[in-house]
Amino acid sequence: MRFKTPVEIYQTRLKIIKVITVIFFIALIVRYWQLQVMRGPEYFILSEQNRIRVTTMPAPRGLVLDRNGVIISKNRPAYNVVLYRYQLTESIKDIAAFLNLQPEYIKERVQKYSNMPISEPVVLKMDIPFEEVAILEPRLIDHTNLAISVEPIRYYPFGDKFVHILGYTGEINEAEIANGNFPDSGSGDLIGKTGIERKYDSYLRGEKGEITDVVDNLGRKVQNLLTKDPKAGKSLILSIDAEFQQKVYEIFGDNVGAVVAMKPDTGEILAMVSKPSYDPNLIQGHFPEEKWKELLNIENDPLQNRAIQNTYSPGSMFKLVIALAALQENKIDDETTYNCTGLSYFYRNPFRCNKASGHGRMDLYDALRLSCNIFFYNVGNKIGIDIISSYAKRFGFNFRTGIDLVEEKKGLIPDPEWKKTYLKEPWYAGETISVTIGQGAVQITLIQQAAFISAIANGGRLFQPFITKEIKDSDGKIIYRTQAKVRGLLGISPENMEKVKRGMWGVVNDYGTGWGAKIFGKEVVGKTGTAQVIKKDTYGDQKDQPWEFRNHSWFSCFAPLDNPEITLVILAEHAGDGSVVAAPLAGRILREYFKLQESRAKKDIVNEN
Amino acid sequence: MKIKLEHKEFYYPMLLMTLGITILGIAFIYSTTHDSASSDLFIRQIIWMIIGLVLIYFLNRIDYNIVARYSPILYLLILGLLIVLVAAGQLIGGVKSWFYFRWIALQPSEFGKIVFILFLSKYVAELGKAQLSLRDIIKPTIFLILPVGLIALQPDLGTAATYIPIFFGIIFVARLRLRVIISLILLFVISVFFSWSYVLKPYQKQRITTFLEPEKHKKEAGYQIYQSKIAIGSGGIWGKGYLKGTQSQLKFVPEQHTDFIFSVLAEETGFIGVLAVLSLYLGLITSFITTAATARDKLGVFIATGFAFLFAFHFFINVGMVVGLMPTTGIPLPLFSYGGSSLLSFYIGIGIVMSIRNRRFVYL
């Protein structure tokens with residue numbers, strides 16, 4: 001039995017409310033089901049990213065040492081002011097005011113690194129002095145997005161003396177990120193830009209460390225989860241003799257050009273100097289732009305390593321190629337002579353000798369000794385361009401030597417086929433005449449010449465030059481040792497080789513053009529070269545010419561004759577005749593070299609006793 | 001035939017659900033504040049709960065008709081306090097909502113809700129009509145606008161808005177004519193457009209646009225909702241465990257011991273915990289409506305209905321807000337969020353509803 005109550009009339013509407021309430025609940029449950037059950041895993045990842053911040057620690061690069069263990073490239077700490085970009089607690093303007101920078105500059109920096117992971121900080125101020133660190137550090141508590149980070153950067157104790165060998169490091173740029181040559185480096189990382197630093201970047205780089213922190217919503221560290229220490233890069237032991245390299249650098253003075261010293265029986269580079277030079281310590285780290293501009297403004301492109309990255313006409317040094325080719329082809333012998341009157345006509349063109357009055361009757365020995373052009377014009381004309389170019393190529397010209405540096409040039413040995421392909425013109429016989437004295441289109445590098453002279457010294461083996469002898473891991477264990485590698489053989493009989501060597505001996509020791517390289521106690525064997533920069537009809541005094549039109553001065557040699565220890569190639573741009581500048585420089589450098597060897601030998605004896 | 005009830009008895013299911021939600025709330029207030037400067041907030045909430053239980057004990061025994069008798073005076077008192085606040089209140093966090101007495105802060109607008117329920121219910125019950133016409137709701141509308149206007153001047157639009165469902169709940173159940181309801185809905189829609197164009201301040205508009213497109217405002221105002229959704233979603237089915245919610249413990253979730261406390265619960269206890277707590281709320285809200293349906297007199301029907309609307313409105317807005325279904329407003333989760341005035345006013349309401357339940361008709 002049921003009573004009709006006074007509130008009976010309200011039941012319908014209360015029922016409606018109940019139904020609506022239940023519908024609302026179902027809607028809520030569906031919504032929470034969606035978020036927590038269906039999309040739960042997705043949100044879980046988001047929440048993990050929220051709380052974990054991975055900071056990378058750069059690894060110190062490996063050391064670079066010379067053959068005697070002298071450190072020539074190492075690291076020092078640089079203090080950078082960095083900006084953590086997420087959840088900025090203050091405006092760019094305030095940060096700029098605090099750091100005394102322009103707001104536009106900060107925006108530019110942030111923009112530049114927009115594709116770097118958000119957890120990675122952007123460097124705003126690079127390598128600040130320690131006094132500034134002391135001032136900034138305590139005030140950073142109010143600037144939670146800023147931090148001072150310590151980053152190991154390169155320090156080159158010998159400044160500008162090794163830069164063309166070592167290269168330098170700098171921030172990876174967009175092109176380098178894109179080309180995939182640096183797979184383990186990302187935006188903001190320092191990488192080797194050139195030289196050994198570039199060539200061996202993957203060894204020197206090491207492995208970055210990682211700090212994984214739990215952070216709160218302001219990016220403040222709450223707890224450290226995991227710290228993976230950075231692993232230092234591997235060390236390189238170079239074949240360079242640092243002490244000798246410095247001597248060469250000093251002796252070469254203010255000349256523009258390069259010097260290469262090599263061990264003839266292995267291909268190890270003992271010294272490699274290119275001038276003008278520059279101090280890589282000035283362009284370390286993240287903001288080299290302004291310094292770059294300064295550098296580029298210096299005349300004569302100091303960035304270029306002239307020993308491998310520039311090509312020159314070999315001048316008379318090329319007569320060695322002609323002599324060896326002609327002897328081996330049996331086109332000349334000891335009896336072959338030509339009369340030099342200072343001028344000869346070939347194909348109705350006049351070709352001059354370096355001595356206007358003429359050398360008189362010349363055989364191979366005298367022609368090499370005095371660098372007689374007329375003799376070699378005739379010899380070259382006799383053997384022809386195809387033989388010349390095939391021998392020159394066999395001697396390693398026209399190809400990169402494969403030295404462990406970057407951007408090596410390969411030079412050029414011209415022949416009719418090359419001319420047809422590239423210049424779409426036929427070969428003129430007169431050009432062969434120019435080629436015999438290393439002019440015309442012939443272009444070589446110092447390193448090619450050094451390998452060639454070494455092959456003459458060692459009996460015909462053409463070595464691949466190298467600078468890096470060993471790679472050691474951080475425990476000091478040798479993981480790689482460069483083996484001397486024979487690239488090819490000259491293919492010249494010992495008798496013929498002897499004849500050319502004798503001529504080269506005469507150059508230095510028998511009142512030849514290279515007399516300036518003569519030193520006491522060691523027999524130096526070499527050949528001068530004078531490369532004409534522009535074609536001239538008259539042989540006026542070089543001193544009257546503007547500097548940039550003067551001849552390049554060449555000298556290449558090895559010493560001593562019997563048991564060669566060193567090959568030396570010198571080029572001084574626009575310095576004049578090879579005999580006047582390059583040969584005397586070679587003499588001074590060789591004297592220093594042997595002095596150094598002697599003093600070391602004495603020291604060893606003392607130590608043994 | 002009427003059965004005499006023992007008025008001193010408690011309606012235990014309602015009491016236990018109330019206590020259950022409050023204690024869970026305290027547990028999560030602890031979870032969100034234990035490592036902060038205000039780590040004693042959960043103790044304060046326990047004290048408020050005990051005071052609330054004492055109030056329930058007395059209100060349960062007193063006939064709600066007697067309580068309602070004082071409602072006009074209380075209504076005027078609240079209006080007076082609100083005028084004082086607007087005229088001379090202390091500006092805290094941009095609003096003048098609180099009176100400070102030593103260590104406690106009281107919010108008249110919170111207690112005003114209960115007073116408004118009693119006052120409006122009494123008025124409508126005394127009209128004695130089987131159906132309400134448009135003319136019958138003129139005075140109730142004025143009773144509504146007075147406190148709502150004053151609270152909106154504080155300015156605390158969120159709290160002001162909570163008075164509106166009370167009004168509509170009561171006049172709906174009191175059988176407002178259908179055509180009036182339809183015209184009111186039309187009027188509401190028009191006034192929303194009007195206030196969007198002329199009344200709302202930019203930050204208030206921003207809250208609403210944020211609600212409509214949270215992803216777009218991810219880094220700005222939508223950040224709170226975005227982080228709250230990450231917290232809730234990342235809780236998954238089983239949750240990350242009590243005190244182990246990374247979003248909450250690392251303070252990614254905003255306002256987490258007050259408005260966003262449900263996100264913390266969802267992160268740490270997962271969908272299972274959410275279901276359990278939602279069930280408690282569903283049980284409580286249905287028990288309020290059932291109380292209305294079985295009340296002895298009209299006054300009881302209206303008071304229980306008004307309170308059910310107040311409670312449900314808070315609940316749906318808050319739980320909908322943290323998942324982005326509702327706009328961001330400063331509306332706390334009833335019985336769960338930290339806040340003395342809010343907790344006490346809900347306990348008072350529940351005490352009165354229990355008193356109605358105690359004096360119900362029993363159908364045999």
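Chain naming here is simple, since letters A, B, ... match the order of the sequence lines and numbering starts at 1 in each.
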Exercise. Please test A:L46 against B:Y226 for side-chain contact (heavy atoms from CB on, under 4.5 Å), starting from the C-alpha separation and ending with a verdict.
Key: CA-CA 11 Å; A:L46 283 175; B:Y226 181 70; 4.0 Å; yes

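- The aromatic rings of A:F25 and B:F315 lie parallel to each other, their planes meeting at an angle below 30°, with 60° marking the opposite boundary.
- Residue B:V173 touches chain A through both its backbone and its side chain, counting heavy-atom pairs closer than 4.5 Å.
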Quiz item: Are B:F172 and A:I17 close enough, and set up right, to give a side-chain contact (heavy atoms from CB on, under 4.5 Å), and what steps lead you there?
Solution: CA-CA 10 Å; B:F172 176 77; A:I17 290 165; 3.9 Å; yes

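- Once rounded to the nearest 0.5 Å, the distance linking CD of A:E48 with CD1 of B:I230 reads 11.5 Å.
- Interface remark: of the candidates B:A308, B:A266, B:A130, B:A266 forms the most heavy-atom pairs closer than 4.5 Å to chain A.
- The backbone N or O of B:L176 lies less than 3.5 Å from a partner atom in the side chain of A:R13, making a donor-acceptor pair.
- Using a 4.5 Å cut-off between heavy atoms, A:I16 touches chain B through its side chain atoms alone.
- Atom NZ of A:K228 sits in a crowded spot, with more than 12 heavy atoms from other residues, nucleotides or ligands closer than 6.0 Å.
- Between chain A and the residues B:T290, B:I289, B:T286, the largest count of heavy-atom pairs under 4.5 Å involves B:I289.
- In this structure, no portion of B:A312 lies under 4.5 Å from any heavy atom of chain A.
- Counting heavy-atom neighbours within 6.0 Å of A:N224 CG, excluding the residue itself, gives a total above 12.
- When heavy atoms are compared at a cutoff of 4.5 Å, B:V323 approaches chain A by way of both its backbone and its side chain.
- Minimum interatomic distance between B:F316 and A:T21 (heavy atoms only, all atoms of both residues): CZ-O, 3.9 Å.
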Practice problem: Might you work through the side-chain contact (heavy atoms from CB on, under 4.5 Å) test for B:V322 and A:Y32, ending with a clear yes or no? | Solution: CA-CA 10 Å; B:V322 296; A:Y32 278 84; 3.2 Å; yes

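- Pairing each heavy atom of B:T246 with each of A:S47, the nearest pair is OG1-OG, 4.1 Å.
- Within 6.0 Å of NZ in A:K231 there are 12 or fewer heavy atoms belonging to other residues, nucleotides or ligands.
- In this structure, chain A has a heavy atom under 4.5 Å from the side chain of B:F302, while its backbone stays farther away.
- The structure places CD of A:Q34 at 9.5 Å from NZ of B:K229, a figure rounded to the nearest 0.5 Å.
- The number of heavy atoms from other shown groups lying within 6.0 Å of OH (B:Y242) is above 12.
- Taking the side chain as every heavy atom from C-beta outward, A:L28 and B:L325 approach each other to under 4.5 Å.
- The shortest heavy-atom contact between A:Q36 and B:G270 is NE2-C, 3.5 Å.
- Taking non-hydrogen atoms and a 4.5 Å limit, the residue list of residues 233-241 of chain B in contact with chain A, ordered by number, reads B:G233, B:S234, B:G235, B:G236, B:I237, B:K240.
- Counted within 6.0 Å of CD on A:Q102, heavy atoms from surrounding residues, nucleotides or ligands total 12 or fewer; the atom is thus considered open.
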